[in-house]
Amino acid sequence: MLDRQIVRLGAVAWGSAGVVLGVASLGSVNSDALPLVIAACVIGPGAAFIASWAVDHGHTRRVGWLLLLSLVTPTFFAWVLNVPALVVGLLLVIAPQVVTDRSAIRQRRA
């Protein structure tokens, strides 16, 4: 089970890391590939940030698709950073019921 807050914070962290990695890589990109890399720097982290918003609004399967879209983030040789977004994104697309809301469970117990 995945807690909704963990997914939200993970998406924000992934989006932030994507922005840092993308911007840091712009200096080493060929000029003909620069527009594509800039687009990926905007689309990938943007999708992760939108996923962090959507998870709080109950759009769990959409969050999975957004995390999968965020994989376009240019990480180059740090590709292993894409793996958590890939795994969680696939999990949310295939089985969206794995996301729980622990704060709601705590409120029901009280």
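Everything numeric here is computed off the predicted structure, so don't read it as measured data. Starting from 1, each residue takes its place in the sequence as its number.
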(request) Indicate the atoms forming the closest heavy-atom contact of Gly18 with Thr73, along with that distance. (result) CA-CG2, 3.4 Å
(message) Is there a side-chain contact between Gln97 and Thr60 in this structure, where contact means two heavy atoms from C-beta onward sitting under 4.5 Å apart?
(response) no
(request) Tell me, please, which residues at least two apart from Ala24 pass side chain to side chain contact (heavy atoms under 4.5 Å, CB included). (result) none
(request) Report whether Val63 and Val98 are members of the same hydrophobic cluster (ILVMFWY, side-chain heavy atoms less than 4.5 Å apart, transitive linking). (result) yes
(request) Among residues two or more places apart or on two chains, list those pairs meeting salt bridge (charged side-chain N to carboxylate O under 4.0 Å, His left out) that have a residue in residues 44-57. (result) Arg8-Asp56
(message) Looking at every non-hydrogen atom in both residues, tell me the closest pair between Gly44 and Ser70 and how far apart they are.
(response) O-CB, 3.3 Å
(request) Give, for atom NE2 of His59 and atom CH2 of Trp53, the distance between the pair rounded to the nearest 0.5 Å. (result) 5.0 Å
(request) Please examine the side chains of Leu92 and Val99, heavy atoms only from C-beta on, and report whether any two atoms are closer than 4.5 Å. (result) yes
(request) Determine the minimum heavy-atom distance between Cys41 and Pro74, stating which atoms define it. (result) SG-CG, 3.6 Å
(message) Could you see if Leu90 belongs to whatever hydrophobic cluster contains Val93? Use Ile, Leu, Val, Met, Phe, Trp, Tyr and a side-chain cutoff under 4.5 Å.
(response) yes
(request) Treating Ile, Leu, Val, Met, Phe, Trp and Tyr as nodes and any side-chain heavy-atom pair under 4.5 angstrom as an edge, say whether Trp14 and Ile43 lie in one connected cluster. (result) no
(message) Within the 4.5 Å heavy-atom criterion, are Thr100 and Leu2 side-chain neighbours or not?
(response) no
(request) Write down the atom of Val19, the atom of Pro45, and the distance for their closest heavy-atom approach. (result) CG2-CB, 3.5 Å
(message) Show, in sequence, the C-alpha distance, side-chain angles and deciding distance for Val29 and Phe76, and conclude whether the side-chain contact (heavy atoms from CB on, under 4.5 Å) test is met.
(response) CA-CA 11 Å; Val29 175; Phe76 298 100; 4.1 Å; yes
(message) Are Val23 and Phe49 connected into the same hydrophobic cluster when the rule is that any two of I, L, V, M, F, W, Y join if their side-chain heavy atoms are below 4.5 Å apart?
(response) yes
(request) Look at the side-chain heavy atoms of Ile, Leu, Val, Met, Phe, Trp and Tyr, link any pair under 4.5 Å apart, and say whether Leu81 and Val20 land in one connected group. (result) no
(request) Decide side-chain contact (heavy atoms from CB on, under 4.5 Å) for Leu71 and Leu86; before the verdict, give the C-alpha distance in whole Å, the side-chain angles of both, and the deciding distance to 0.1 Å. (result) CA-CA 7 Å; Leu71 296 176; Leu86 174 65; 3.6 Å; yes
(request) Give, for atom CG of Leu66 and atom CZ of Arg61, the distance between the pair rounded to the nearest 0.5 Å. (result) 13.5 Å
